[in-house]
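These values consider heavy atoms only, across backbone and side chains, with no hydrogens, waters or symmetry-generated copies. All chains are named by letter (A, B, ...) in the order of the sequence lines, taking the proteins before the strands, and each is independently numbered beginning at 1.
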2 protein chains.
Amino acid sequence: MRLSSLADYAVVMMTASARHCGVSGRLNATLVAGETGIPLPTVQKLVSRLSAAGLIESTRGTGGGFRLSRPPATITLADIVEAIEGPIAMTACVDAGKHDCAIEAECQVKPHWNAVNGAVRGALAGVSLAQLSSGATHGHA
Amino acid sequence: MRLSSLADYAVVMMTASARHCGVSGRLNATLVAGETGIPLPTVQKLVSRLSAAGLIESTRGTGGGFRLSRPPATITLADIVEAIEGPIAMTACVDAGKHDCAIEAECQVKPHWNAVNGAVRGALAGVSLAQLSSGATHGHA
DNA sequence: CTCAAATCGGATCGAATCAGTCCGATTGCC
DNA sequence: GGCAATCGGACTGATTCGATCCGATTTGAG
């Protein structure tokens with residue numbers, strides 16, 4: 001019931017990127033590492049995944065870097081978490097193709113997990129990067 | 001962003017216990033293991049933790065076993081998950097006494113995580129064992 | 001056009017956590 | 001009083017995750 005450190009780092013990194021979005025159109029991994037305290041190689045790994053997910057656009061070569069591919073208001077915690085950790089699923093039994101549970105046919109727990117998963121995803125989708133940058137909490141609890 | 005297998009097992013086990021609650025006042029780990037397909041040693045470990053958390057009351061010796069210490073309607077997924085995995089916290093930085101983050105003072109992300117944690121816990125607390133036993137889904141998503 | 005510097009991308013290694021198994025302590029029945 | 005059955009805690013093995021290192025690619029300068 002705890003997301004991975006990488007996902008946590010990714011949120012911090014994306015928030016920092018959102019802050020620099022308007023200032024300098026492009027920023028690099030070294031700058032973010034120095035600013036957030038996240039190890040440089042870890043930032044590079046995050047850039048790879050976030051770029052693959054389409055949340056950021058990276059440019060290589062001298063003077064390269066990356067930038068957000070969408071406005072901060074349209075990027076939510078759910079997008080970042082799913083980009084790093086994959087689909088939001090509390091249990092393994094709700095994944096398609098998994099049939100390890102012996103009582104799957106009579107399992108009454110499964111539909112409830114789907115409801116919980118939806119609620120969790122909704123909570124994450126309700127927080128955007130713009131809100132994270134401004135620091136204003138909205139009443140989602 | 002996925003709870004441990006033990007927590008998942010614990011939910012299944014507690015649901016099975018709730019079903020047998022009125023039938024035979026007491027049931028043992030071996031019975032539950034055979035019914036749910038969970039390995040017997042794993043069930044024993046779950047019994048230990050759930051008993052320590054006060055969700056079930058176990059009796060040792062011949063003819064021993066365990067039973068729910070409270071009515072199924074008053075036990076929620078949040079109780080079970082917290083008993084197995086500890087406090088519900090999405091990130092490590094919200095734990096008390098942890099100050100590994102270099103930008104903790106200016107971190108605007110932290111209060112949002114608290115809101116998300118509250119939302120997740122609310123989603124889990126909204127599902128009781130009684131609902132799990134009956135199999136009726138309520139509109140929580 | 002060639003060289004050099006800086007960046008992203010993938011692959012490898014080590015560590016921490018977690019699930020599973022085994023043995024001991026305790027209790028009730030015979 | 002002895003025996004059997006059950007919970008409780010401790011150890012071992014495996015899997016996953018995080019961090020580091022090296023190579024491929026691209027741009028800018030000379």
Exercise for the section: Measure the spacing between CD1 of A:I75 and OG of A:S128 and express it to the nearest 0.5 Å. Expected result: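 Separation between the atoms: 9.5 Å.
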Problem - Donor-acceptor contact present, side-chain B:S69 to main-chain B:L55, <3.5 Å - result: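 A pair under 3.5 Å: yes.
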Practice task
Please check if the side chain of A:N117 supplies one atom and the backbone of A:M90 the other of a donor-acceptor pair under 3.5 Å.
Solution key: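 Yes; at least one donor-acceptor contact below 3.5 Å.
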Practice task
May I ask you to say whether B:E85 pairs ionically with A:R2, meaning some side-chain N is under 4.0 Å from a carboxylate O?
Solution key: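 Judged by the 4.0 Å cut-off on N to carboxylate O distance, B:E85 and A:R2 do not form a salt bridge.
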[X] [atom1] to [N] [atom2], straight-line distance once rounded to whole Å:
X: A:L40; N: C:dG10; atom1: CG; atom2: P; answer: 16 Å
X: B:L46; N: D:dC7; atom1: CG; atom2: P; answer: 12 Å
X: A:I56; N: C:dG9; atom1: CD1; atom2: P; answer: 8 Å
X: B:M13; N: C:dA19; atom1: CE; atom2: C1'; answer: 16 Å
X: B:L50; N: D:dG9; atom1: CG; atom2: P; answer: 13 Å
X: B:Q44; N: D:dC11; atom1: CD; atom2: P; answer: 18 Å
X: A:F66; N: C:dG9; atom1: CZ; atom2: C1'; answer: 15 Å
X: B:L31; N: D:dC7; atom1: CG; atom2: P; answer: 11 Å

Practice task
Could you walk me through whether A:L68 and A:M14 pass side-chain contact (heavy atoms from CB on, under 4.5 Å), step by step?
Solution key: CA-CA 8 Å; A:L68 299 178; A:M14 291 292 278; 3.6 Å; yes
Tabulate atom names and distances for all N/O pairs under 3.5 angstrom spanning the protein and nucleotides 26-30 of chain D.
unit_1, atom_1, unit_2, atom_2, d
D:dT27, O2, A:T62, OG1, 3.2

Handout entry: Partners meeting side-chain contact (heavy atoms from CB on, under 4.5 Å) with B:T30 (sequence neighbours left out)
Key =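 Per chain and number, B:T30 pairs via side-chain contact (heavy atoms from CB on, under 4.5 Å) with B:N28, B:L40.
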Exercise for the section: Report the residue (B:P39 or A:T30) whose heavy-atom-nearest nucleotide on DNA chain C is the more 5′ of the two. Expected result: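 Here A:T30 is the residue nearer the 5' end.
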Exercise for the section: Evaluate the side-chain proximity of A:T36 to A:M13: yes if any heavy-atom separation is below 4.5 Å, no if none is. Expected result: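 No, side chains not in contact.
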Practice task
Identify whether any heavy atom of B:P41 sits under 4.0 Å from a base atom; if not, whether one sits that close to sugar-phosphate; answer base, sugar-phosphate or nothing.
Solution key: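 Counting heavy atoms under 4.0 Å across all strands, the contact made by B:P41 includes a base.
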Handout entry: For the student: nearest non-hydrogen atoms of B:I84 and B:S4, plus distance
Key =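 Closest heavy-atom pair between B:I84 and B:S4: CG2-OG, 4.4 Å.
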Problem - Donor-acceptor side-chain pairing of B:D79 and B:T76 below 3.5 angstrom - result: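 A donor-acceptor contact under 3.5 Å links the two side chains.
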Under 3.5 Å, which protein N or O atoms sit close to an N or O of nucleotides 14-18 of chain D? Give each pair with its distance.
unit_1, atom_1, unit_2, atom_2, d
D:dG18, OP1, A:S5, N, 2.7

